Amino acid sequence: MNRCLMFVCPLILASVAIAGVNVSAPSNGSTVSSPVHYEATAGSTSCSKGVASMGIYTAPGELAYTVNGTSLSTDLKLSAGTYNTTVEQWDHCGGAATKAIKITVSNSSGVSVTAPASGSNVSSPVHYSATATTSCSKGVASMGIYTAPGQKAYVVSGAKISTDLTLSAGTYNTTVEEWDNCGGAATKPITITVGGNSFSKLQSKGGWVGYGELPPKYDICTKCSGVTWSMSQKQSSPSMSGSSTKFFIGGTTPYADVLWNNHLIGDGSSQGMLDSDHKIVPTIHNLTYDVYFYGTDLSLAENIEFDIAQFFDDLGFMFGTECRLQGDKQWAIWDNVDAHWTSTGIACTPTSNTWNHVTIEFERTSNNQLTYKTITLNGKTHTLNWTYNPFSAPGWYGLVVNFQLDGNYKQNDYSIYVDNMTISY
């Protein structure tokens, strides 16, 4: 379905040949800790209708997970022990293919860091989010963050970290560590580069404006029959910072959308940065959209969209990304010139009733092209480096952030909570 962004607008079964399933994680014969991350894509099939779905068996006859489409990316909670698991694909012609993956799940301690991603470029303050597990019967005692060997910058009791560290520009070989009540410990190294400027906790700031978008043209409207919306700031629960924002979409017109945007720099700036002499926006080349989102039932959403738009010299750069929660359940990016969405092949399968962390990195190159660099969801980074040309935008100037919710075929009501939204440049 082509959706606008902001103002831009019979088979013989025996003959079906199927190649093997491609499993990139976990490795066959490996020892892993729970939850166990599975990443796989379907092999080719001669079925003209394509692959229907994929799934994971933790033992013969025990189907633990299934998903529609040609890829899967999920975490399974498994008790300690050895498992003869199988990843399987099924096509629309009745064919199937499997890949056996034997794993041993250990009962050892471990640290899981969802933010920041190791190797990422971040701005200060740097948000750290991590959890710990242990085989110690007395549990985890505390966790901490080292910004360099021997330099403990933060410590907290319990098995969870969620904090912001103020750091000067530079590269840091940080370490997140957990200590249990039996004298044991585990660490996770995280290398980051701090630099640039940012707008932090944007979800709680002023300047947001909501617009409806109705099919089939998806032109914006402020008073629209068939779609309803609201935005409620300063939500204490669910929240990570104590001040999340609740975005709601409803209505009666199937596949209607709601766009919220905020003009950060340039024309109509809500942050006091009008940039009247045009000295800031033309110098911006690297952009990062970093945000946490939470939904009680994400299956009600069609897509959730995260965009940054840059305008100067009559050029428009719409860095548009959407998480498709229906259909192929992949990340898609916006082709500025041909004005359509392109699937990336990267699975987007966030989890309901928990905070999901998204970090998306973009670049405007020296010859004024848009590059989609990386997409990270819940600590798993995928590199794209896909480049597109900009579009014509006469008279526009500035830097704009968008957040959008798309309605499904029933236009079910649903809400998404957003927290710790940071736009870095």
Side-chain angles (χ1 to χ4, degrees), residues 24-39 56 58-59 62 64-65 73-85 101-120 126-165 172-192 238-241 292 294 349-357 359 376-381 419-420:
S24 55
S27 300
N28 187 37
S30 63
T31 298
V32 295
S33 58
S34 184
V36 183
H37 181 65
Y38 277 79
E39 190 91 19
I56 305 169
T58 53
E62 295 184 11
Y65 176 79
S73 178
T74 192
D75 296 314
L76 295 185
K77 292 184 179 180
L78 300 174
S79 302
T82 299
Y83 295 78
N84 293 308
T85 74
I101 301 292
K102 183 178 182 179
I103 57 172
T104 298
V105 180
S106 67
N107 197 21
S108 59
S109 303
V111 175
S112 175
V113 180
T114 57
S118 188
S120 63
V126 182
H127 183 68
Y128 277 79
S129 181
T131 56
T133 57
T134 180
S135 57
C136 170
S137 61
K138 299 178 182 180
V140 174
S142 59
M143 297 184 72
I145 305 169
Y146 291 85
T147 54
Q151 296 181 18
K152 188 189 295 181
Y154 178 79
V155 66
V156 64
S157 298
K160 182 179 180 179
I161 280 179
S162 181
T163 192
D164 296 325
L165 294 186
Y172 295 80
N173 295 310
T174 74
T175 301
V176 180
E177 186 164 0
E178 63 98 354
W179 302 274
D180 63 33
N181 287 299
C182 299
T187 62
K188 180 72 173 182
I190 301 291
T191 299
I192 57 173
S239 179
M240 302 181 71
S241 67
Y292 289 78
Y294 181 108
T349 53
T351 305
S352 297
N353 291 308
T354 191
W355 286 102
N356 297 277
H357 183 205
T359 304
T376 302
L377 175 62
N378 295 333
K380 300 175 184 66
T381 300
D419 210 342
N420 289 329

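What you are looking at is a predicted structure, and each value in this text was computed from that prediction instead of being measured.
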Ignoring hydrogens and angles, tell me if any N or O in the side chain of [X] forms a donor-acceptor pair with the backbone of [Y] under 3.5 Å.
X: Asn28; Y: Lys102; result: yes
X: Asn181; Y: Gly139; result: yes
X: Thr175; Y: Tyr146; result: no
X: Ser120; Y: Ala117; result: yes

Shortest non-hydrogen contact from [X] to [Y]?
X: Pro116; Y: Ile190; value: O-CG2, 3.7 Å
X: Gly110; Y: Glu178; value: N-OE2, 3.9 Å
X: Thr191; Y: Ser118; value: N-OG, 3.2 Å
X: Ser241; Y: Ser239; value: N-OG, 3.4 Å
X: Trp179; Y: Ala185; value: CD1-CB, 3.9 Å
X: Met143; Y: Ala130; value: CE-CB, 4.1 Å

Determine whether [X] and [Y] make a side-chain contact, defined as any pair of heavy atoms from C-beta on separated by less than 4.5 Å.
X: Lys138; Y: Asp180; value: no
X: Asn420; Y: His357; value: no
X: Thr85; Y: Leu76; value: no
X: Tyr128; Y: Leu165; value: yes
X: Asn353; Y: Tyr294; value: yes
X: Val156; Y: Thr163; value: no
X: Ser129; Y: Lys160; value: no
X: Ile103; Y: Tyr38; value: yes

*Would you say the side chains of Glu177 and Thr187 form a donor-acceptor pair under 3.5 Å?*
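Note: Glu177 and Thr187 side chains miss the donor-acceptor criterion.
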_Is it true that Thr114 and Asn378 share a donor-acceptor pair across their side chains at a distance under 3.5 Å?_
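No - no donor-acceptor pair under 3.5 Å links their side chains.
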*Please say whether more than 12 non-hydrogen atoms of neighbouring residues, nucleotides or ligands are located less than 6.0 Å from NZ in Lys188.*
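Counting neighbours around NZ of Lys188, 12 or fewer heavy atoms of other residues, nucleotides or ligands fall under 6.0 Å, so no.
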_Nearest-0.5 Å distance that lies between atom CD in Glu39 and atom NZ in Lys380_ = 8.0 Å
*When rounded to the nearest 0.5 angstrom, what distance separates CD1 in Ile145 from CD1 in Ile161?*
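Going from CD1 on Ile145 over to CD1 on Ile161, the span is 4.5 Å.
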_Aromatic plane relationship, Tyr292 with Trp355 - under 30° parallel, 30 to 60° tilted, over 60° perpendicular_ = perpendicular
